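Report on one structure; see the data block that follows.
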Amino acid sequence: MTAPTVRGWSPLRCRGFHAPPASSLKFIPKQRFRHLPEQRSPAPALWSLPLSDLESYFVSLLNASATLPRLRQLHGLIYRSGLHQSCFVLTKLIRSLTALDVPVESYPKLIFRQAKWRNPFLYTALIRGYSLRGNLADCVDLYGSMRRDGISPVTFTFTAIFKACGENLDLRLGEQMHCQMALFGGFGSDLYVGNTLIDMYVKCGVLGSARKMFDLMPERDLISWTTLIVAYSKSQDMASARRLFDCMPEKDAIAWTAMVTGFVQNSKPGEALKLFDRMQTARVSLDEYTLAGVISACAQLGASKYAKWVSEIAEENMLSPTSNVVVGSALIDMYAKCGQVDDAYKVFEAMKERNVYSYSSMIVGFAINGQPKAAISLFHEMLKSTDIRPNDVTFIGVLTACSHGGMVDQGRQIFASMEKTYGILPNADHYACMVDLLGRAGKLTEALELIRKMPVEPHGGVWGALLGACKVHTDPDIAEIAAAQLFIFEPDAVGNYILLSNIYASSGRWDDVLRVRKLMRGKKLRKNPGCSWFEAKKGEIHEFFAGDTKHPRSDEIKQVLDELVGRLEASGYEPILNSVAYDVSDKDKRRILLGHSEKLALAFGILSSTSGSTIRIVKNLRICEDCHSFMCGASQVTGRDIVIRDNMRFHHFRDGACSCRNFW
DNA sequence: GTAGGGTTAG
């Protein structure tokens, strides 16, 4: 055992004494001290020390003790040495106990009750114990006793209580305690107290009060600034977050990371990467947290050039996906979102440690890339050969897989097992998956019934799943019900109006089509122009709009497209004219269909890429039926793999078939 | 005693 050196204690000052070997602490029978040990005569060598030295010595032992049996042992020794009269030692003991999972009510409270003297720190240690477990009522009770005993609180007392108020979202009590604290004066200028108050107000959802606190603080540190930046970004106010960030007198890696991930969480991956670039220019070190945010930004962009770039950065910074579970899981998600599910699985396989994030990302990755069987089998493997328990997101992945794989019964079973076997209450998102599962299988009435009976309030996702299924199965009546709800939840989402209008168009209900168009005009909503992107070999992105002739190689593109249409028609392709939601001539419909942006992108892809390589296209809107059948045919006659990521999902076209099994 | 992270379906 190393001799302790805390608080001026030195072995040299205690002639003849050496710290006892660990084995000498074993002589106290365990059960005797289960609760409070009785006093016994001290061991001579140790107890001959002056009390102040003993105190320091025990505190150093307590600081180094991380297990309950060891703390019990020390407790015994403390009583035998007479140190149980020292508030300092007892405070440390209570703190060490509450840092473990020892319930405050049992052991720590007993020590507190038996203490001969109680000072503010001893009270605070127990209050903090309650606070750590989110037990606000007992925190405040004890604070009351403390005041009745005539003991003045210290800064720690208030930080513990404010933390508990934040955890419990109890704004009223938080404000009350804030006023109480003001009566004592002085505490308000304490940095820790100020920062904890900012955090409390943020957690309680009153950003205004948090900002006021921040503005009133006589001095601020990195934590004050970062807390507020995160609060702004969580409430989708990136402009305020950015303003604060730019005003920060100095920034550390955590502040930079908070800002980068703020952009990611607010679906601004481009901004996130720009800021990350600045972070690197400023030579700020990065860690797994930063990288996870950057990888997530790349995942949102979904372009493989970023995948390569970010993998290199990870390696340069010794953050290998093999050994770092956070980086590994983020990379799995990124590759999956770039449509490179094989690369995602390579990362997954190579990881030394996996957790529920790694498994969920991989399961979702398989599910959205048209490999439902792989997703389900990975789920079963996780249950069978690991101790990792699925969480709500894992079930989203599994249910999505069942839905895309048409496995209705299996989906129903898994959905039922969520609560029964895993204690996870299905939320509205899970119901959306079930509606999707039933809807894709053509069970539209059953899906509607499920929504009407669900115990949680349905949200836009649930009705959207139903509307999507109505598109696949052309059911304008149920579509009307779903759309009516969606127009309430998402009044400005153009896609829903378009979808309903397309369903009407497919059923030839042109009057209704016009009615929806009028509704859109009334709300000043415009259909987003269809746009597709193709990433060329060197990573440059080529953009195509529907009917676009602006590309420098437009003539060649048209030539390739005409040639392709010829070959497709020879093998039986017939344009799906229903996909045009305008009441125009068939000739015009054919012309409009041929101008769809993904077809232009495909033609350019064929023109500019090496033969045999996969053609990857990203599209801003949902792929139409005609383009879908066109791509199936194109993959067959050209022998090329085509991957299209539309705004809903991935389509992997190979040998004339799509991974989505024609349901999307 | 106080600040940053990765997985979510239509």
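These numbers were taken from a predicted model, which means no experiment stands behind them. Just so we're on the same page: letters track the sequence lines, and every chain starts at 1.
- At a threshold of 4.0 angstrom between heavy atoms, the contacts of His404(A) are confined to the sugar-phosphate backbone, with no base atom among them.
- Base contact: Thr226(A) has a heavy atom under 4.0 Å from a base atom.
- Across all strands shown, Arg440(A) has heavy atoms under 4.0 Å from sugar-phosphate atoms exclusively, and none from any base.
- Heavy atoms of Asn391(A) sit under 4.0 angstrom from at least one base atom.
- Residue contacts shown for Asp190(A) include a base, since a base heavy atom lies under 4.0 Å away.
- No contact: Ser403(A) has no heavy atom under 4.0 Å from any strand.
- Residue-level contact check: Lys337(A) touches the backbone only, with heavy atoms under 4.0 Å from sugar-phosphate atoms and none from bases.
- Lys274(A) has a carboxylate O that lies under 4.0 Å from a charged side-chain N of Glu271(A), or vice versa, which qualifies the two as a salt bridge.
- Side chain of His380(A) to backbone of Ser377(A): no donor-acceptor contact under 3.5 angstrom is found.
- Distances shorter than 4.0 Å separate some side-chain N or O of Arg95(A) from OP1 or OP2 on dG1(B).
- Stacking annotation: Tyr289(A) is not stacked on the base of dG4(B) (requires ring centroids less than 5.5 angstrom apart and an interplanar angle below 30 degrees).
- Base engagement by Ser329(A) is indicated by at least one non-hydrogen atom pair under 4.0 Å involving a base atom.
- Among dT8(B), dG10(B), dG1(B), the nucleotide with an atom closest to any side-chain atom of Tyr192(A) is dG1(B).
- As judged by a 4.0 angstrom heavy-atom cut-off over every strand, Gln265(A) is placed among residues touching the sugar-phosphate backbone only.
- Going from atom CZ of Phe158(A) over to atom CG of Asp190(A) covers 11.5 Å, rounded to the nearest 0.5 Å.
- Looking at Asp287(A), Val327(A), Thr290(A), Leu286(A) one by one, the single match for side chain to side chain contact (heavy atoms under 4.5 Å, CB included) with Asn317(A) turns out to be Leu286(A).
- When distances are taken from the side chain of Thr196(A) to each of dG10(B), dT2(B), dG6(B), the shortest belongs to dT2(B).
- The nucleotide whose nearest atom lies closest to any side-chain atom of Thr261(A) is, among dG10(B), dG1(B), dG4(B), dG4(B).
- Side-chain proximity of Ile223(A) to the nucleotides dA9(B), dG4(B), dA3(B) is greatest for dA3(B).
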